[in-house]
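Input: a single structure, listed below in structure tokens.
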Amino acid sequence: MSLKRLHRKLRSTEFEGNEFDPISAFEAQDVPQQSLVIPKERFTEPQENYAHKIKEVYARNSKLGQALKTLNNYQLQAVFSEDRKVLLSAMVGSGKTTVLTHKILYLHFIKAIPLSEMVVLTFTNKAAREIRERILSFYEESEGIQSEDLRYFGTFHSVARQLIKEHPQLSELGFTPSFSIMDKEAKEEFLLRLIHTHELDVKYHNKLDQRLKLYRNEKQILYANMKNEDDLPQLLEISRKEKQANNLMDFDDLISIVNWLLKQECSLEAKWVIVDEFQDCNPEQVQLLNYLSVKDSSFFAVGDPNQSIYAWRGSTEQIFESYITDTSCRMMRLPLNYRSSGQLLSAAACLLNDERNDLQATRTAGNKLRLVNHFDDNQEAFYYASQFKSLHSSGTAWEQIAILFRTRQQINLFESIFSKEDIPFEVISKSSLKDYPALFWLKKVLLAGLQANDMDSILSVFTSSDFGCLKNGKALLNAYNKFSNEKTFNSKLEAFTEFLKFKYPKETTHIKLANSLLDFQDQLLKTSRQFDLYGYLNLDEVLKPISVHYTENVCQVKQAIQELDLYIQKQSFGNNIEAYQAAMGQVSLEGHFQINTGIKKSQEGVRLLTIHAAKGLEFDHVFLSGANTGLIPLNRKKAGPNHLQEEKRLLFVALTRAKNNMEIAWHSQSSAWNAEEGPSYFLNAIPSTLIDRIENTKPEITIKKFEDPQESNDSPWKKGMKIRHPKYGEGTVISSTDKEILCEFGKFGEKSFAPQWATLKKL
DNA sequence: TAGCTAGCAGTTTTT
DNA sequence: CTGCTAGCTA
């Protein structure tokens, strides 16, 4: 049944009953309208029967022809379209990646466009990898596709990196093609080092990135409770210069530099520019698309304005709008959803608030959306524990169960309760290289070796608190400058090595390391693709066998080097140094060393993740936790004009993750400071006939609170007891519960402590 | 130099 | 509501 018909049917029964409805009790006008609507007449609908076209394809490439037979007419229309400029509005769960890959395959095998003349842009490495793998699976083993053919298949940033490397005018900006990329952490460290070495007075050290952005965009220097301007402008100036001097770029630089270069001279004439998740493009990325789309090139973009949840990161809805008014652009749509069962999909579609959106279900009606009222998050977690156990014993795989949260903070409580209740779980979120000190250090070592003038990396290697030998600071730099000023060296690395030998002759291990790094590039040129990096750098010794984490570190480093070797062996062009540079670039762009297959998510367990992290995923059972007003939409003091709309799309994304079962939880007494009473008012838009409401606020369950092990004993703090606190001195216990100890300290007055943290002493 | 206080900012995350 | 911290005060 089409959603429209279902809606009409629902509307007729919607307001029949007069019972109190906690959802409809909220004002309907509070629900913001979905902003972007593409007029239906703007879409070109599929007319033809594509059977004969599939036959033609089948005759030329049977594998592709076979694959096309499984597509619907909307999808085929997009694949076969001859238009030079197409924007495909793909509804949630409508198979957009399938269309994208089949379009590429069709262009390649039938229209004879070389893969190397297509630019295929995605936002995540995962998406890029998936597309690449799907393409490669269409090649026979013998045909041996070159990695160079897919040179322009990748994320915006990796393609930008490739284009910058190849551009003839790069040196005009003071960079060389072997530049390295700083991730967020590396940039923070870099900026802090600049402040340190240049003795700048810059406030709010851990908000540097934010402050620099504010200064660059709005020339704002004052921040929070600052009354006087600090040295922020100088920091920006110095960081620009130092980035050039050390051949470093950050993620934003990649896009803005490639735009600058392409503006000077378009170095790539792509036949096709193909974009995934088009709705997430920010203005600079659109600019890049424009620079790439010259004369003879064609454009094919796929996106869903209803799933735009990254406007806070700079994506703008106006992108879609400008394409609506662009008459040279053909618009098509994919309305058929293959993921969710009918009633869940119609409930989610109500959030779109748009009659013309015509999201169509292809599956049976299935279960209703469940809305459960828990007393608080504690009770909710214990409720899940028992629910999940029975789901699992009746055959549901743990991985098919997911709990979605608005904020990461909400996840903590569930982690501790699930580990206590023996529910296997995994928190899905990207870990940073900084969480693995050995790998973080290894990256710096390789960067220093490959880039002998990258003083930033050199210093990081030798002043690392775990694996270095020197203490970072002004004294070190002064000594080094004094030493190096007197002589001339081929590189900063050579200067530093000599400095080490002269000033710290006892640090033999690190002098050896420095020498190895100095000779690294020559060694690479002399050897084949196979190179024993671990042995060459003598890492066994540098990783410090006396350290408690030694075996762990060695294991991580060896695995990382194995990944590098694999990547380098796949690299068909360039010399060994270039292959290593490519590999390290990939490590920076991905944020980890698993650059071949990506991070494997093999662990068995219930998935705990934020709604943002869930985009693109699907599960059998989805639970949305803590969906009170105030959390969804999240209360903000400084809300942008489109904040509420984006929050609503976020709820839409959450609801459309479920294949068969969706349950929304809200709390009578939420522990979140910003939560308000009642379930998210966005849910008003969903008619009561599509929702099953369930109460789970019985008092006997609320007693079953989560307790820390230390708390279980009777409180040792009794009323009237004399105690001593390290800061407030002597005092008296006024009251003591398992939650807090209240004490009186004369001139300090009353103070309360959490029992498990209190640093109180009995007197 | 330590301690106090006012004032603001806080989600979400990929590259 | 919390946490952070610049800038003030003793």
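Per chain, numbering begins at 1; letters A, B, ... match sequence-line order.
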Practice item. Could you grab the distance from atom CG of A/L404 to atom CD of A/Q410, nearest 0.5 Å is fine? Key: 10.5 Å
Exercise for review: Look only at the side chain of A/E399 and the backbone of A/G605, and say whether a donor-acceptor pair between them is shorter than 3.5 Å.
Suggested key: yes
Verify the contact: side-chain N or O of [X] to OP1 or OP2 of [N], cut-off strictly under 4.0 Å; return yes or no.
X: A/K430; N: B/dT15; answer: yes
X: A/N635; N: B/dG10; answer: no
X: A/S158; N: B/dT15; answer: no
X: A/N125; N: B/dT15; answer: yes

**Study point:** Rounded P spacing from B/dT12 to C/dG3 in Å
**Key:** 16 Å
Review point. For A/Y223 and B/dA9, is the gap between ring centres under 5.5 Å while the planes differ by less than 30°?
Key: no
Check your understanding: Stacking check: are the rings of A/W312 and B/dT12 less than 5.5 Å apart at their centres and under 30 degrees in tilt?
Key -> yes
Output the rounded distance in Å from [atom1] ([X]) to [atom2] ([N]).
X: A/Q669; N: C/dC1; atom1: CD; atom2: P; result: 16 Å
X: A/I599; N: B/dT14; atom1: CD1; atom2: P; result: 10 Å
X: A/L248; N: B/dT15; atom1: CG; atom2: P; result: 20 Å
X: A/I595; N: B/dT15; atom1: CD1; atom2: C1'; result: 15 Å
X: A/H643; N: B/dT12; atom1: NE2; atom2: P; result: 12 Å
X: A/D230; N: C/dT5; atom1: CG; atom2: P; result: 14 Å
X: A/Q285; N: B/dT13; atom1: CD; atom2: C1'; result: 13 Å

For [X], which contact category applies under a 4.0 Å heavy-atom criterion: base, sugar-phosphate, or nothing?
X: A/Q210; answer: sugar-phosphate
X: A/F156; answer: nothing
X: A/D183; answer: nothing
X: A/K637; answer: base
X: A/R408; answer: sugar-phosphate
X: A/N674; answer: nothing

Review point. If you count the non-hydrogen atoms of other residues, nucleotides and ligands that lie under 6.0 Å from NZ in A/K570, is the total more than 12?
Key: yes
Please tabulate, one pair per line, each protein N/O and nucleotide N/O from nucleotides 7-10 of chain C that are separated by under 3.5 Å, including the distance.
| unit_1 | atom_1 | unit_2 | atom_2 | d |
| --- | --- | --- | --- | --- |
| C/dG7 | OP1 | A/K227 | N | 2.6 |
| C/dG7 | OP1 | A/N228 | N | 3.0 |

Point to revise | First of A/S588 and A/W673 reached from the 5' end of DNA chain B, by closest nucleotide | key: A/W673
Revision key, fill the gap. Of A/Y310 and A/K207, the one whose closest nucleotide on DNA chain B sits nearer the 5' end is A/K207
Exercise for review: Output the single nucleotide from B/dA9, B/dT15, B/dT13 whose closest atom is nearest the side chain of A/L589.
Suggested key: B/dT15
Exercise for review: Side chain of A/T124 only, please: which of B/dT15, C/dC1, B/dT13 is the nearest?
Suggested key: B/dT15
Restricting to side chain to side chain donor-acceptor pair (under 3.5 Å), what partner residues turn up for [X], sequence neighbours left out?
X: A/H374; value: A/N696
X: A/E663; value: A/R370, A/Y383
X: A/R240; value: A/E237
X: A/S431; value: none

Practice item. Quick one: list whatever passes side-chain contact (heavy atoms from CB on, under 4.5 Å) with A/S460, sequence neighbours left out. Key: A/E189, A/R193, A/K444
**Study point:** Polar contact flag, side-chain donor to acceptor under 3.5 angstrom, A/Y384-A/E380
**Key:** yes
